[in-house]
Amino acid sequence: MVDRLANSEANSKRIAVVEGCFGAAGQPLVIPGRVLIGEGVLTKLCRKKPKARQFFLFNDILVYGNIVIQKKKYNKQHIIPLESVTIATVPDEGDLHNGWLIKTPTKSFAVYAATATEKSEWMNHIGKCVEDLLQKSGKAPTGEHAAVWVPDSEATVCMRCQKVKFTPVSRRHHCRKCGFVVCGPCSEKKHLLPSQSSKPVRVCEFCFLQLTSGGLAPHSDSFSRLGSKFNNLSDDDDEDDSSD
């Protein structure tokens, strides 16, 4: 079906409409062979609180943006190549249900659908697109992904030293390697993580030692281990994307 739609006029028009919704600030989306598979609103876990984001699934990329005018205008366009995507389900907990992780070498985050059926459809379609891309390219699935950040609300004290309590003065920071919530003294070091940034980024003392000694700093599985209490998440000024 995707092959039949690839060069159809109807598909090109649909993609052109999506491209137009992002305005001049968005990147061009109409290219030969690209097919718009589906679209919808998902709840994305951002730094301060869960927020509605408009997502568009193509056969080769996943695009999302902030909703400015419902169904008409979006901004802050993000484009994720599907070849680098790994997905994993998130157990229901608290007020958030029907979620899954979207993991890439550059950035990883959780999204939630309105219903279990919608979640299943999104995950199935994303998984099929990734599978088809890898099969055509002959590449292996991505083995490395950026850590999913532990929500600020899950940590009242530094997750490394277990001593420093977080206050308006003693702020929370995130290690870019493991995703833990850490204090300033435990995250003074920076290290180059090429998949995430061209400049050195903040890492905790533990990960810095692992990285500089040639060991492998582990990714954080704390997202599922600590649960999903995502209210009143505080800001982290080190995050480049001020909206998320």
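Excluded from the calculations below are hydrogen atoms, water molecules and symmetry mates; all remaining heavy atoms, backbone and side chain alike, are included.
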- prompt: Do the ring planes of Phe208 and His191 sit parallel (below 30°), tilted (30 to 60°) or perpendicular (above 60°)?
  reply: perpendicular
query: Can you name the side chain to side chain donor-acceptor pair (under 3.5 Å) partners of Thr89, sequence neighbours left out?
result: Lys119
task: Of all the heavy-atom pairs spanning Lys177 and Ala147, show the shortest one and how long it is.
output: O-CB, 3.4 Å
message: When you measure from the side chain of Asn59 to the backbone of Gly33, do you find a donor-acceptor pair of N or O atoms at a distance under 3.5 Å?
response: yes
query: Can you tell me how far CZ of Arg160 sits from SG of Cys178, rounded to the nearest 0.5 angstrom?
result: 4.0 Å
message: Can a donor-acceptor pair be found, under 3.5 Å and without considering hydrogens, that links the side chain of Gln77 to the backbone of Gln27?
response: yes
message: Nearest 0.5 angstrom please: Phe58 CZ to Asn11 CG, how far?
response: 8.5 Å
message: Whether the side chain of Arg202 engages the backbone of Ser187 through a donor-acceptor N/O pair (distance < 3.5 Å, no angle test) should be reported.
response: yes
- request: Give a yes or no answer on whether the side chain of Gln54 reaches the backbone of Tyr74 with a donor-acceptor pair at less than 3.5 Å.
  value: no
List the atom pairs, donor and acceptor, that lie under 3.5 Å between side-chain atoms in residues 16-25 and the rest of the protein, sequence neighbours left out.
{"residue": "Glu19", "atom": "OE1", "partner": "Leu29", "partner atom": "N", "Å": "2.6"}
{"residue": "Glu19", "atom": "OE1", "partner": "Val30", "partner atom": "N", "Å": "3.1"}

message: Tell me whether Lys136 is salt-bridged to Asp132, with the criterion being a basic N under 4.0 Å from an acidic carboxylate O.
response: no
- prompt: Is the side chain of Asp60 donor-acceptor paired with the backbone N or O of Leu82 at a distance under 3.5 Å, no angle test?
  reply: no
- line: Taken in chain and number order and not counting sequence neighbours, the residues that satisfy side chain to side chain contact (heavy atoms under 4.5 Å, CB included) with Thr106 are Thr104
field: For Glu205, all residues meeting side chain to side chain donor-acceptor pair (under 3.5 Å), sequence neighbours excluded
entry: Lys189
- prompt: How far apart are the C-alpha atoms of Leu45 and Val148, what are their side-chain angles, what is the distance that settles it, and do they pass the side chain to side chain contact (heavy atoms under 4.5 Å, CB included) test?
  reply: CA-CA 10 Å; Leu45 292 187; Val148 181; over 6 Å; no
message: Between Val68 and Tyr64, is there shared hydrophobic-cluster membership here, with clusters defined by ILVMFWY side-chain heavy atoms closer than 4.5 Å?
response: no
task: Output all residues satisfying side chain to side chain donor-acceptor pair (under 3.5 Å) with Asn124, sequence neighbours left out; order by chain, then residue number.
output: Ser120
message: Do Val150 and Val157 land in one hydrophobic cluster if side-chain heavy atoms of ILVMFWY residues count as linked below 4.5 Å?
response: no
- line: When rounded to the nearest 0.5 Å, the distance separating OG of Ser84 from CD1 of Ile61 is 11.5 Å
- prompt: After noting the C-alpha distance and the side-chain angles of Ser8 and Arg14, does the key distance pass the side chain to side chain contact (heavy atoms under 4.5 Å, CB included) rule?
  reply: CA-CA 10 Å; Ser8 72; Arg14 290 176 67 201; over 6 Å; no
message: Would the distance check show the side chain of Arg172 and the main-chain N or O of Ala155 forming a donor-acceptor pair, the cut-off being under 3.5 Å?
response: yes
- request: Check whether any side-chain heavy atom of Ser108 lies under 4.5 Å from a side-chain heavy atom of Leu101, and answer yes or no.
  value: no
- prompt: For the residue pair Trp100 and Ala113, what are the closest heavy atoms and their distance?
  reply: CZ3-CB, 4.0 Å
task: Starting from the C-alpha separation in whole Å, work towards a yes-or-no answer on side chain to side chain contact (heavy atoms under 4.5 Å, CB included) for Val41 and Ile67.
output: CA-CA 9 Å; Val41 176; Ile67 302 171; 4.0 Å; yes
field: Nearest-0.5 Å distance that lies between atom CD1 in Ile126 and atom OG1 in Thr86
entry: 11.5 Å
message: Just verifying a value: how many Å separate Trp149 CH2 and Glu154 CD, rounded to the nearest 0.5 Å?
response: 15.5 Å
- prompt: Do you know which two heavy atoms are closest between Pro50 and Leu96, and how far apart they sit?
  reply: CG-CD1, 4.3 Å
message: Does any part of the side chain of Phe166, heavy atoms only, come nearer than 4.5 Å to the side chain of Val181, both counted from C-beta?
response: yes
- prompt: Can you tell which of His78, Lys51, Arg53, Lys73 makes a side-chain hydrogen bond (donor to acceptor under 3.5 Å, both in side chains) with Asn66?
  reply: Arg53
query: Closest approach of Cys158 and Cys183, non-hydrogen atoms and distance?
result: SG-N, 3.4 Å
field: Closest contact, heavy atoms only, Tyr112 versus His97
entry: CD2-O, 3.0 Å
- request: List for me each residue that meets side chain to side chain donor-acceptor pair (under 3.5 Å) alongside Ser137, sequence neighbours excluded, and say none if there are none.
  value: Glu83
Hphob cluster co-occupancy, Phe206 + Val164, side-chain heavy atoms under 4.5 angstrom: no
query: Val203, Leu192: one ILVMFWY side-chain cluster at the under-4.5 Å cut-off?
result: no
task: Please report the C-alpha distance between His174 and Asp152 in whole Å, then the side-chain angles of each, then the deciding distance to 0.1 Å, and finally whether the side chain to side chain contact (heavy atoms under 4.5 Å, CB included) criterion is met.
output: CA-CA 9 Å; His174 279 86; Asp152 286 12; 2.7 Å; yes
message: Side chains of Trp122 and Ile87, heavy atoms from C-beta outward: is any pair under 4.5 Å?
response: no
statement: Separation between OG1 (Thr115) and CD (Glu121), nearest 0.5 Å, reads 7.5 Å
